[in-house]
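Every number for a ligand or one of its atoms is a count from 1 in the order of the listing. Residue numbers run from 1 in the order of the sequence given. These figures come from a predicted structure and were not determined experimentally.
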Amino acid sequence: MILQPQIQGVIARSCHPIGCKAAIEKQIYLAQQQARTSDMPRNVLILGASSGFGLASRIALTFGPANASTIGVSFERGMSDKGIGSAGWYNNIFVKDAAIKAGRTTSNIVGDAFSDQTRQMVADTIRTQCGGKVDLVVYSLATGIRPNPETGEFWRSSIKPIGEAVEGYAIDFEKNRLNSVTLSPASEQEINDTVKVMGGEDWLSWMQFLGQNDLLAEGCRTVAYSYIGPEHTHAIYHKGTLGLAKTHLHQTRHDIDALLSGINGQADIAVCKALVTKASVFIPGLTPYLLALYRVMKAKGLQEGCIEQMDRLFYNKWNRQQDRDDEGLIRLDDWELQPDVQDEVNTLLAQMTPENFTQIADYEGVLTDFLQLNGFGFSNVDYDQPVDIEQLKTLVP
Ligand code: NAI
């Protein structure tokens with residue numbers, strides 16, 4: 001079967017498994033170029049391991065000099081009569097395959113990270129694979145819904161401003177268009193629900209669960225990923241519902257620090273750069289900024305993808321306590337927020353219109369990243385070759 005991209009707005013309805021493999025190989029190569037630092041984690045649990053920052057964390061730690069043993073939790077779907085499955089499904093398969101070939105131990109747990117069943121599977125796997133304890137937990141879930149454990153009903157996040165409406169643009173990869181959008185302010189309920197879904201509550205509850213089950217090693221660390229961004233994006237992000245959820249995540253770090261104090265552990269927040277991922281393209285109002293940012297950072301030789309960010313996190317910033325900001329956050333958005341970068345981004349944004357965005361900004365680069373998330377757009381993959389569906393069906397994460 002020949003596989004083509006099927007895009008609906010900002011959602012990819014198909015993926016190309018051979019291209020997913022190429023994406024994994026590219027990231028592995030970059031991780032292998034890193035130099036060893038001291039105190040690297042050896043046994044790592046990654047929640048949200050199949051794409052974006054979680055996948056890059058896993059690759060950096062497994063194939064970089066840490067040589068870590070990893071357990072990856074994700075929510076992905078395999079092949080069915082509805083389609084080929086999700087890119088994350090194949091990412092899990094090819095990461096595990098490469099890890100085994102490289103002599104590392106690794107496991108995939110595909111299930112809902114909010115369910116007791118998945119937690120139990122994680123506990124069992126830590127006992128069998130990691131000698132009973134992990135020394136790092138990466139929390140990289142990005143989701144729009146979370147079940148309320150008491151009622152079974154769902155909290156749903158809303159990506160909205162707070163207080164007043166915001167005008168902006170949203171990208172449409174299917175029609176190559178920038179559409180005007182007006183985002184109405186969130187209600188009290190929408191704000192609270194977004195904090196429930198993307199705030200720190202679930203991170204804390206995972207750490208409590210792991211601690212209560214004696215699955216955390218002495219000195220265990222945990223990290224969750226956040227975004228702050230420049231003034232220009234604050235109305236839609238930092239001062240909107242998502243930003244409030246991230247503020248809650250930042251505060252939760254202190255609760256987890258207290259929880260880990262008995263084992264000399266530590267909780268961190270890494271504030272990452274804005275990047276095209278499956279989750280971020282859903283944030284209306286952010287894409288014009290991404291288009292301008294990509295253009296400027298590439299011109300200055302500062303552009304990074306998820307793997308470069310995670311390599312810099314684990315092999316450069318990880319143990320440098322002196323390098324944190326006033327709040328103690330690890331800043332991987334340092335290059336993004338450089339004044340010269342932001343000045344040029346603001347100049348571009350002031351000129352950007354739905355008519356000129358493909359010329360003045362890096363639409364091609366953003367679109368390529370989006371396609372590559374789903375295994376399309378790699379020059380070393382022959383997309384005219386049919387994919388062997390029967391062989392793919394035999395692969396399991
Ligand atoms: P992503 O969409 O690429 O990855 C999300 C991961 O979560 C996937 O592995 C998915 O399978 C997993 N997941 C979602 N729901 C799940 C569930 N119920 N059970 C188990 N696994 C589940 O997202 P991305 O962008 O890598 O985001 C990860 C974190 O990084 C988020 O906290 C996000 O806010 C943060 N971040 C993202 C930035 C960006 O520009 N993309 C910038 C800064 C921070």
Side-chain angles (χ1 to χ4, degrees), residues 10-12 23 45-59 71-78 85-92 95 108-119 121-122 138-147 154-157 159 194 197-200 202-203 206 223-230 233 236-238 240-250 252 269-283 286-287 289-290 293-294 297 304-307 309-310 313 329-333 336-337 366 369-370 372-374 397:
V10 290
I11 301 173
L45 168 64
I46 297 153
L47 301 163
S50 59
S51 66
F53 285 109
L55 172 64
S57 306
R58 184 179 202 183
I59 293 176
I71 300 171
V73 177
S74 63
F75 209 31
E76 301 293 346
R77 54 176 201 286
S86 57
W89 176 266
Y90 296 99
N91 291 340
N92 285 334
V95 164
N108 289 310
I109 295 175
V110 182
D112 184 358
F114 300 119
S115 74
D116 291 339
Q117 192 193 4
T118 299
R119 286 179 190 212
M121 281 164 77
V122 167
V138 173
Y139 189 86
S140 188
L141 296 181
T143 174
I145 55 170
R146 174 183 164 216
F154 288 97
W155 289 300
R156 286 171 202 281
S157 65
I159 305 172
T194 307
V197 178
M198 287 298 286
D202 181 62
W203 182 26
W206 261 102
V223 62
Y225 300 133
S226 184
Y227 185 66
I228 295 176
T233 61
I236 179 62
Y237 199 103
H238 186 53
T241 49
L242 272 181
L244 218 65
K246 290 300 187 191
T247 303
H248 185 270
L249 188 80
H250 297 187
T252 307
I269 297 285
V271 183
C272 301
K273 164 189 190 299
L275 271 172
V276 176
T277 65
K278 225 168 65 181
S280 68
V281 292
F282 267 102
I283 307 175
L286 193 72
T287 24
Y289 173 73
L290 279 172
L293 184 72
Y294 269 46
M297 290 191 80
E304 295 175 294
C306 288
I307 189 66
Q309 282 260 292
M310 294 300 107
L313 172 63
L329 311 178
I330 303 175
R331 303 302 295 255
L332 294 166
D333 59 349
E336 169 180 352
L337 295 184
V366 167
D369 270 16
F370 175 75
Q372 290 191 346
L373 288 177
N374 300 293

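- Counted by atom type alone, Glu336 and Tyr227 present one or more donor-acceptor pairs between their side chains at under 3.5 Å.
- The two residues Trp89 and Pro397 have their closest heavy-atom pair at CZ2-CD, 3.4 Å.
- Neither side chain, Arg58 nor Asn91, offers a donor N or O lying under 3.5 Å from an acceptor on the other.
- Salt bridge Arg119/Asp202: present, at least one basic N to carboxylate O contact under 4.0 Å.
- Residue-level contacts of ligand 1 at the 4.0 Å heavy-atom threshold are Gly48, Ala49, Ser50, Ser51, Gly52, Phe53, Ser74, Phe75, Glu76, Gly111, Asp112, Ala113, Phe114, Ser140, Leu141, Ala142, Thr143, Met198, Tyr225, Ser226, Tyr227, Lys246, Cys272, Lys273, Ala274, Leu275, Thr277, Lys278, Ala279, Ser280.
- The two residues Ile59 and Ile307 make their nearest non-hydrogen contact at CG2-CD1, 4.0 Å.
- For the residue pair His238 and Thr233, no side-chain donor N or O sits within less than 3.5 Å of a side-chain acceptor on the partner.
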